[in-house]
Amino acid sequence: MPITADYHMHSSFSGDSNAPMEQMIRQAIQSGLQQICFTEHLDLDYPVCPDTPADYFLLNTDSYLYDLIRCREKYAQQIHICFGVELGLQPHLTKQLARIVSAYDFDFIIGSSHVCNGQDPYYPAFYENRTEEEAYREYFSSVLENLNCFDAFDVYGHLDYVVRYGPCKDREYTYETYKDIFDAILTLLLEQGKGLELNTGGLRSGLRGPNPTAAILRRYRQLGGELITVGSDAHRPADIGYAFDAAADLLQECGFSYYTTFQKRTPSYHKL
């Protein structure tokens with residue numbers, strides 16, 4: 001297996017997962033992974049919905065770290081376990097997120113956009129009364145706004161997350177349609193020294209490819225990008241390492257020779 005590190009996974013410390021941490025770890029070992037990074041959700045000011053109460057995506061980081069250290073010691077001879085977080089970015093949260101980042105010794109931080117102008121594109125209401133392109137453009141523009149406000153992360157997660165939930169998903173979606181915004185995003189990521197995530201969760205959700213699409217990954221590489229992590233976005237044991245062989249092939253097709261892992265926010269490169 002060319003990729004032996006899953007750098008995007010959640011346990012019951014994330015509001016949208018019921019999986020005990022040890023179950024996730026044991027499945028990762030069984031799957032042949034050598035390294036994993038838990039990236040539990042922390043989405044401050046997430047909109048309250050019937051199925052997401054006010055504290056749904058708040059993270060008890062101290063309890064999470066306690067259990068992770070315990071599991072890291074218990075399974076030290078079988079797998080390397082890293083301490084990560086997935087920060088839900090919004091422009092008005094910059095100072096609060098910066099305080100959290102400085103308070104904990106994270107190995108790895110994903111910056112993600114789950115909320116765009118007060119709405120999560122997961123819900124159909126985000127797409128009402130406008131075209132799919134208009135909704136996608138609003139989301140991608142909000143990603144660029146987040147990048148201009150906050151850069152205390154290592155990679156941007158599932159860059160085109162919105163496409164998972166659009167009315168037509170990726171049926172009519174192309175990089176070329178949004179080239180102006182994507183090139184601005186990728187250029188800024190490179191200027192900030194940040195990486196991209198290849199998230200195989202898009203394949204599980206019925207897309208033709210991962211998040212982001214192959215064309216975006218290829219463009220990032222053309223512009224000089226090398227920092228690329230691979231994550232399954234698993235919220236249950238069965239999804240750990242999902243489609244990693246396909247991900248390795250795709251990265252090579254896009255011009256990458258290595259994928260990246262992190263420890264103490266420092267990247268290491270592993271040959272595909």
Mind checking who shares a hydrophobic cluster with Val48, ILVMFWY linked at side-chain heavy-atom distances under 4.5 Å?
-> none
Chi angles and distances behind the side chain to side chain contact (heavy atoms under 4.5 Å, CB included) call for Val143, Leu89 = CA-CA 8 Å; Val143 170; Leu89 306 186; over 6 Å; no
Qualifying residues under ring-ring contact (aromatic ring centres under 6.0 Å, His included), relative to Phe182, sequence neighbours excluded = Phe140
Does any N or O in the side chain of Asn60 come within less than 3.5 Å of the main-chain N or O of Ser63, such that one atom is a donor and the other an acceptor?
-> yes
Is the shortest distance from a Lys or Arg side-chain nitrogen in Glu22 or Lys74 to a carboxylate oxygen in the other one below 4.0 Å?
-> yes
So do the side chains of Phe153 and Phe108 get within less than 4.5 Å of each other, counting heavy atoms only?
-> no
CG on Asp245 to CG on Leu250, rounded to 0.5 Å = 12.5 Å
Within the distance-only criterion (no hydrogens, no angle test), does the side chain of Gln192 pair as donor or acceptor with the backbone N or O of Leu147 below 3.5 angstrom?
-> yes
Does Ser14 use its side chain to pair, donor to acceptor, with the backbone of His41 at less than 3.5 Å?
-> yes
By side-chain hydrogen bond (donor to acceptor under 3.5 Å, both in side chains), which residues pair with Asp120, not counting sequence neighbours?
-> Tyr46, Tyr161
Without swapping roles, check the side chain of Tyr7 against the backbone of Phe262 for a donor-acceptor pair under 3.5 Å.
-> yes
Please confirm whether the backbone N or O of Pro91 pairs with a side-chain atom of Thr94, one donor and one acceptor, at under 3.5 Å?
-> yes
Interatomic spacing from CZ in Phe256 to NZ in Lys271 - rounded to 0.5 Å | 14.0 Å
Report yes or no: do Tyr242 and Leu272 belong to one cluster of Ile/Leu/Val/Met/Phe/Trp/Tyr joined by side chain heavy-atom distances under 4.5 Å?
-> no
Please tell me if the side chains of Thr260 and Pro267 come closer than 4.5 Å, counting only heavy atoms from C-beta onward.
-> yes
Stepwise side chain to side chain contact (heavy atoms under 4.5 Å, CB included) check, His10 with Met24 | CA-CA 8 Å; His10 302 275; Met24 300 293 281; 5.9 Å; no
Would you call Met21 and Phe38 a side-chain contact if the rule is heavy atoms closer than 4.5 Å?
-> yes
Using a strict 4.0 Å threshold on nitrogen-to-oxygen distance, state whether Asp233 and Arg164 make a salt bridge.
-> yes
Does some side-chain heavy atom of Tyr123 sit less than 4.5 Å from a side-chain heavy atom of Tyr165?
-> no
Approximate separation, where rounding is to 0.5 Å, of Gln34 CD and Ile3 CD1 = 12.5 Å
Heavy-atom closest pair, residues Tyr136 and Gly166 = OH-CA, 3.4 Å
Check against ring-ring contact (aromatic ring centres under 6.0 Å, His included), His235 and His8 | CA-CA 9 Å; His235 290 67; His8 190 147; 7.3 Å; no
Pairs of donor and acceptor atoms involving the side chains of residues 25-32, under 3.5 Å and at least two apart or interchain, shall be tabulated with distances.
from  : atom 1 : to    : atom 2 : distance (Å)
Arg26 : NH1    : Tyr75 : OH     : 3.4
Gln27 : NE2    : Ser31 : OG     : 3.1
Ser31 : OG     : Gln27 : O      : 2.9

Within the distance-only criterion (no hydrogens, no angle test), does the side chain of Gln252 pair as donor or acceptor with the backbone N or O of Asp249 below 3.5 angstrom?
-> no
Under 4.5 Å between side-chain heavy atoms, hopping through other hydrophobics if needed: is there a path connecting Phe244 to Leu203?
-> no
Heavy-atom closest pair (Ile216 atom, Leu186 atom, distance to 0.1 Å) is O-CD1, 4.0 Å
Is Thr52 reaching over with its side chain to a backbone N or O of Cys49, donor-acceptor style, under 3.5 angstrom?
-> yes
Side-chain contact, heavy-atom cut-off 4.5 Å: Leu217 with Tyr175?
-> no
Is the Phe83 ring parallel, tilted or perpendicular to the Tyr104 ring (thresholds 30°, 60°)?
-> perpendicular
Measure the CD1-CG distance between Ile100 and Leu59 for me, rounded to the nearest 0.5 Å.
-> 8.5 Å
Do you know the tightest heavy-atom contact between Phe150 and Ala98?
-> CE1-N, 3.8 Å
d(Leu196 CG, Asn211 CG) to nearest 0.5 Å is 11.5 Å
Should Leu189 and Ile185 count as side-chain neighbours, where that means a heavy-atom distance under 4.5 Å?
-> yes
Residues which pass side-chain hydrogen bond (donor to acceptor under 3.5 Å, both in side chains) with Asn117, listed by chain and number, not counting sequence neighbours = Glu138
Step by step, would you call Ser232 with Arg204 a side chain to side chain contact (heavy atoms under 4.5 Å, CB included)?
-> CA-CA 9 Å; Ser232 65; Arg204 282 202 316 277; 4.3 Å; yes
Enumerate the residue pairs fulfilling salt bridge (charged side-chain N to carboxylate O under 4.0 Å, His left out) with a member in residues 143-156, sequence neighbours excluded, ordered by first and then second residue.
-> Asp154-Arg265
Between Tyr156 and Lys194, is there a cation-pi geometry (under 6.0 Å to ring centre, at most 45° from the normal)?
-> no
Which atoms form the tightest heavy-atom contact between Leu87 and Ile109, and what is the distance?
-> CD1-CG2, 3.8 Å
Ser12 side chain vs Asn18 backbone, donor-acceptor pair below 3.5 Å | no
Establish, yes or no, whether a centroid distance under 6.0 Å links the rings of Tyr259 and Tyr269.
-> no
Would you please test Leu198 and Leu251 for side chain to side chain contact (heavy atoms under 4.5 Å, CB included) and show each step?
-> CA-CA 9 Å; Leu198 188 162; Leu251 285 177; 3.6 Å; yes
What closest approach, in Å, do Pro237 and Ala19 show between heavy atoms, and which atom pair accounts for it?
-> CD-CB, 4.0 Å
Stepwise ring-ring contact (aromatic ring centres under 6.0 Å, His included) test for Tyr258 and His270 | CA-CA 5 Å; Tyr258 300 88; His270 308 267; 8.9 Å; no
Closest non-hydrogen atom pair, Ala243 against Thr200 = O-CG2, 4.1 Å
Do any N or O atoms from the side chain of Ser113 and from the backbone of Val115 form a donor-acceptor pair under 3.5 angstrom?
-> no
Is the backbone N or O of Arg208 less than 3.5 Å from a side-chain atom of Asp170, with the two atoms forming a donor-acceptor pair by type?
-> yes
Between Ile81 and Ile79, is any pair of side-chain heavy atoms under 4.5 Å apart?
-> yes
Taking side chain as C-beta onward, heavy atoms only, is Tyr56 less than 4.5 Å from Asp51?
-> no
How far does CD1 of Ile110 sit from CD of Glu40, to the nearest 0.5 angstrom?
-> 10.5 Å
So, do His158 and His114 have ring centers that fall under 6.0 Å from each other?
-> yes
Below 4.0 angstrom, N of the basic side chain to O of the carboxylate: do Arg137 and Asp160 qualify?
-> no
